[in-house]
Number of protein chains: 2
Amino acid sequence: MSRWQPNAKGRLEQAALNLYQERGYEQTTVTEIAERAGLTERTFFRYFADKREVLFGGQENLLKTAVSAIETAPDTATPIEIIIAALEAVVPMFQERQEIARQRQSVIAANPGLQEREMLKLATLVSAMTNALRRRAVTDPEASLVANTGAIVFKTAYARWVGEPDAPDLSILIRASFDQLKRIISG
Amino acid sequence: MSRWQPNAKGRLEQAALNLYQERGYEQTTVTEIAERAGLTERTFFRYFADKREVLFGGQENLLKTAVSAIETAPDTATPIEIIIAALEAVVPMFQERQEIARQRQSVIAANPGLQEREMLKLATLVSAMTNALRRRAVTDPEASLVANTGAIVFKTAYARWVGEPDAPDLSILIRASFDQLKRIISG
DNA sequence: AAGCATGATGTCAGTTGCTGACATGACCAA
DNA sequence: TTGGTCATGTCAGCAACTGACATCATGCTT
């Protein structure tokens with residue numbers, strides 16, 4: 001029999017999400033989270049840089065997937081097409097977890113500090129995609145404009161996907177947002 | 001002779017900006033800022049909600065100006081034209097203070113926590129502009145897409161304006177960014 | 001002129017987020 | 001068996017932030 005229960009990080013994430021929902025983010029102390037996970041505060045901070053970070057675990061995977069999609073897009077694709085491909089590459093990571101995504105989102109929506117963190121994560125993603133585009137010889141400021149455009153499209157689609165009870169497929173919403181943006185800007 | 005030195009808030013802002021530049025944001029304590037301004041830590045927190053907020057004073061003015069520009073745009077303007085007008089309405093608030101803008105930006109660039117706050121401010125602005133557009137009968141998600149597009153355009157222009165030694169006029173850069181975005185998306 | 005309300009600031013004590021230093025003890029490899 | 005490793009615990013401490021109450025110049029009221 002091993003000394004420690006397995007999956008400490010996952011237990012902390014679960015405990016945090018539950019407590020944030022039950023009492024609200026600010027009313028929850030890190031000590032409480034750790035206790036519910038059967039650990040100590042100090043251990044929480046070994047797994048997560050701060051109290052917010054516990055809600056943003058999947059970020060590195062997301063980033064890798066998006067960057068890798070940009071790197072492997074066909075040479076014939078335009079920058080915008082490359083970005084849309086990156087967004088669609090990332091869709092499956094959400095598709096399965098719609099319920100958890102909704103829980104997370106309602107917690108984040110209730111706290112500005114968490115919204116800050118979410119936007120920093122998004123900005124990190126945009127920055128990584130911008131760099132990936134530059135490596136494909138897309139020049140500045142086009143690379144940055146394209147990456148940011150991708151972020152808007154995704155944000156818009158994601159908001160609908162999380163917000164509507166019987167939302168269409170995420171990749172369909174992405175297409176729809178992009179088409180609408182095209183019409184708005186050219187029109 | 002009055003009991004207190006005038007302009008406590010301004011003194012705190014100045015002291016904070018200087019100290020963040022001299023020692024870095026994290027190495028500066030709120031007590032140090034207050035001392036340099038001839039006040040106490042407690043008074044700092046009466047003027048600013050937290051240690052970051054001291055760098056984001058002009059925000060409310062900015063927001064009011066942008067929203068008011070949206071409200072007073074001519075009825076013939078398209079949503080995109082309205083947003084561009086809002087961006088240009090805001091230009092004069094930066095134009096005079098390019099040097100301070102550069103100082104602020106270098107401090108913010110050195111600290112992720114400050115970047116978080118800046119993006120929250122930008123998101124607040126986008127949200128206010130979205131609502132202002134809705135009041136002009138622009139429907140969702142178009143209102144949100146347009147406001148976000150404005151934010152990208154401004155961010156791109158602002159980055160160049162702050163980053164290049166002899167940058168062109170900010171409103172020229174806004175036009176340039178918007179034109180380029182149009183080409184990218186339609187192309 | 002005396003008294004009184006106001007408002008900006010100070011003082012103090014307390015909670016919580018977060019960190020560094022060191023201790024513990026099951027597991028594993030030599 | 002021994003000794004190292006690694007996840008966790010323990011403890012002490014700093015800095016951000018808050019609530020409660022004190023101070024006292026200013027200016028209004030009577």
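On a predicted model such as this, the values are computed, not experimentally measured, just so you know.
Between L19(A) atom CG and dG17(C) atom P the separation is 12 Å, expressed in whole Å. Atom-to-atom, CZ of R3(A) to C1' of dC28(C) comes out at 15 Å; the value is rounded to the nearest Å. Atom NZ of K9(A) is separated from atom C1' of dC6(D) by 17 Å (rounded to the nearest Å). Per the geometry, CZ belonging to R52(B) stands 13 Å off C1' belonging to dC17(D), to the nearest Å. Between E41(A) atom CD and dT15(C) atom P the separation is 14 Å, expressed in whole Å. Rounding to whole angstrom units, CG of residue L12(B) and C1' of dG10(C) are separated by 14 Å. Taking atom NZ on K51(B) and atom C1' on dT18(D), their separation rounds to 17 Å, with Å as the unit. Nucleotide dC18(C) holds its P atom 13 Å from the CG atom of D50(B), rounded to whole Å.
Listed candidates were dC24(D), dT8(D), dG10(C). Nearest to the side chain of R46(B) is dG10(C). Residue T43(A) has its side chain nearest to dG9(D) when only dA16(D), dG9(D), dA20(D) are considered. Checking dG10(C), dT10(D), dG17(C) against every side-chain atom of L39(B), the shortest atom distance belongs to dG10(C). The listed nucleotides are dG17(C), dA16(D), dG9(D); the one nearest the side chain of W4(A) is dG9(D). Here the side chain of Y47(A) is nearest to one of dT8(D), dG10(C), dC18(C), namely dT8(D).
Between R175(B) and E88(B) there is a salt bridge, with a side-chain nitrogen of the basic residue lying less than 4.0 Å from a carboxylate oxygen of the acidic one. E26(B) has no carboxylate O lying under 4.0 Å from a charged side-chain N of K51(B), or vice versa, which leaves the two without a salt bridge. A salt bridge between E53(A) and K121(A) is present, with a side-chain N of the basic residue lying under 4.0 Å from a carboxylate O of the acidic one.
By the 4.5 Å side-chain criterion applied to Ile, Leu, Val, Met, Phe, Trp and Tyr, L120(B) is assigned to a cluster that also includes M119(A), L120(A), M119(B).
Contact check for F94(B) versus L62(B): side-chain heavy atoms found under the 4.5 Å cut-off.
Not a single donor-acceptor pair, N or O on each side, falls under 3.5 Å between the base of dG9(D) and the side chain of R42(A).
For dA15(D), neither phosphate oxygen OP1 nor OP2 lies less than 4.0 angstrom from any side-chain nitrogen or oxygen of T29(B).
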